[in-house]
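Worksheet: one structure, shown below.
When reading the values below, keep in mind they use all heavy atoms of this one structure, side chains included, and skip hydrogens, waters and symmetry mates. These figures come from a predicted structure and were not determined experimentally.
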Amino acid sequence: MENCYKSALEKIKLDQSEKDKAKELFFSDQETGRKSGRKKYCMLKPAAVFAAMAALILAANALRGYFGSEVLDAGESGEFVITAYAQELTKTGQVYTKQLEAGSGGMAGNSEEISFAFWFPLECRGKNIDMVTYTIQNGAFQITAPAGRSPVVAGEEPDVPIEASSSFLLAGDQNETRQYRSFTVDYKKQSNAETSIEVVDASARWEPEKRRQYQAFGFEFSDQKNVELEKEVCDFLTKDLGISCTVTFLDGTTKTKEIAVSNKIVMMSQIHDLPEEEDFGIVVRCFSLQ
């Protein structure tokens, strides 16, 4: 499988020095995982290489489809649509990334404890919209942006911060990371190329029963081949996030839609050009309406 990551890194159009940084980040993380004991954290290999590539591509300002995308009016006044990766969310479909550089998030932990993070690439489109507010019932939104340049205009922070690392790295050392149970952005400035918005959660803050349910999976991070079990664990982690999107129109009226997060196994070749003999399955995050 290591050859797959080497091949993917080689095909990214960056300077050789930047490729070397990505490889160093991925393989140093891999070595950390090999040396970790039961109680140590390690990032899953797919998440690690996606994070490495996302970090460099963000640094090169080359992400397309979400960061810095143009917000277009759509539909009638009083209505709105929600998109992910430039695709409209519906109740019947599952929208997930079709580009390798968009990544799919990461998990860390062991069979007894876990934390996770995944990119939240949503935006709204509609007419006469003033503000957009996202709310989460379980977990938190984690937003990283340069100091003073976050798109968030208002937000409610969790009572206790969640100890969860980011699956996407942003260039620069002047970034601020804040967590929210809900946050509001201006419709015309929903995000920017300097901002990372993720959903995060960690078992350390769960009730004992939910922790026992996770432990019953017996999920070991050292086993990279059991993609079916990985999907089951991801389904467990995302099933009750309780995410909603509320838009406030210019006339003061509001409308809310519920967002479902699910998971799907796809072959790497579906989102990246890989030889058939090097193909493998990965779990991707999917978005739809409830």
Side-chain angles (χ1 to χ4, degrees), residues 9 12-15 17-19 21-22 24-26 29 43 47-72 82-87 97-106 116-125 129-136 139-158 161-162 164-200 243 245 247 259 285 287:
L9 287 167
I12 295 178
K13 295 182 178 180
L14 294 173
D15 291 340
S17 61
E18 298 302 310
K19 291 183 182 180
K21 291 178 185 178
E24 181 181 356
L25 178 58
F26 166 57
D29 178 271
M43 188 69 74
V49 72
F50 287 157
M53 288 185 285
L56 296 179
I57 295 169
L58 275 170
N61 196 26
L63 271 176
R64 299 178 301 277
Y66 174 59
F67 288 124
S69 61
E70 181 182 1
V71 179
L72 303 176
I82 305 173
T83 65
Y85 311 112
Q87 302 175 69
T97 176
K98 301 298 195 304
Q99 298 183 28
L100 177 63
E101 61 263 32
S104 62
F116 68 90
F118 62 85
W119 194 24
F120 190 70
L122 273 60
E123 66 177 25
C124 291
R125 295 179 182 176
I129 296 177
D130 184 19
M131 296 290 177
V132 180
T133 300
Y134 293 98
T135 303
I136 189 168
F141 298 108
Q142 183 165 277
I143 301 179
T144 302
R149 296 205 291 272
S150 170
V152 176
V153 297
E156 177 188 353
E157 299 186 7
I162 298 174
S165 61
S166 172
S167 64
F168 292 91
L169 309 177
L170 294 175
D173 57 2
Q174 300 299 317
N175 294 316
E176 291 183 344
T177 297
R178 301 184 67 174
Q179 294 181 349
Y180 300 92
R181 294 186 60 186
S182 69
F183 71 94
T184 299
V185 294
D186 187 303
Y187 173 71
K188 295 181 179 179
K189 300 177 181 178
Q190 295 183 51
S191 190
N192 55 59
E194 302 173 309
T195 302
S196 166
I197 303 177
E198 300 172 282
V199 171
V200 300
I243 298 175
C245 174
V247 301
I259 299 166
R285 235 58 61 214
F287 299 93

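- Annotation: side chain of Thr83 is in contact with side chain of Glu123 (closest heavy-atom distance under 4.5 Å).
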Begin with the C-alpha distance, continue with both residues' side-chain angles, and end with the deciding distance and a verdict on side chain to side chain contact (heavy atoms under 4.5 Å, CB included) for Gln142 and Val199. CA-CA 6 Å; Gln142 183 165 277; Val199 171; over 6 Å; no
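- Ring-plane geometry between Phe287 and Phe120 is classed as perpendicular, the angle between the planes exceeding 60 degrees on a 0 to 90 degree scale with a lower cut at 30.
- The distance from the OG1 atom of Thr144 to the CD atom of Gln179 is 9.0 Å, given to the nearest 0.5 Å.
- Nearest heavy atom pair, residue Val185 against residue Pro151, reads CG1-O, 3.5 Å.
- The line from CD of Glu198 to CD1 of Ile143 is 10.0 Å long, rounded to the nearest 0.5 Å.
- In terms of modelled atom types and a separation under 3.5 Å, the side chain of Glu157 and the main chain of Arg178 share no donor-acceptor contact.
- Between Val200 and Ala117, the closest heavy-atom pair is CG1-CB, 3.7 Å.
- Between Ile243 and Phe141 the shortest side-chain heavy-atom distance falls below 4.5 Å.
- When all heavy atoms of Tyr180 and Gly155 are compared, the closest pair comes out as CD2-CA, 3.7 Å.
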After noting the C-alpha distance and the side-chain angles of Phe183 and Ile197, does the key distance pass the side chain to side chain contact (heavy atoms under 4.5 Å, CB included) rule? CA-CA 11 Å; Phe183 71 94; Ile197 303 177; 4.2 Å; yes
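- One finds the CZ atom of Arg149 at 9.5 Å from the CD atom of Gln174 (value rounded to the nearest 0.5 Å).
- Note that the CE atom of Met131 and the NZ atom of Lys189 stand 9.5 Å from one another [nearest 0.5 Å].
- Taken from CG in Asp130 to NZ in Lys188, the straight-line distance is 9.0 Å, to the nearest 0.5 Å.
- We find the OG1-CZ distance between Thr97 and Arg285 to be 11.5 Å, quoted to the nearest 0.5 Å.
- Closest approach of Thr195 and Ser191 over heavy atoms only: CB-OG, 3.9 Å.
- Using a 4.5 Å heavy-atom threshold, the side chains of Ser150 and Glu176 count as separate.
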Check the pair Cys245, Leu122 against side chain to side chain contact (heavy atoms under 4.5 Å, CB included), reporting the backbone distance first and the verdict last. CA-CA 10 Å; Cys245 174; Leu122 273 60; over 6 Å; no
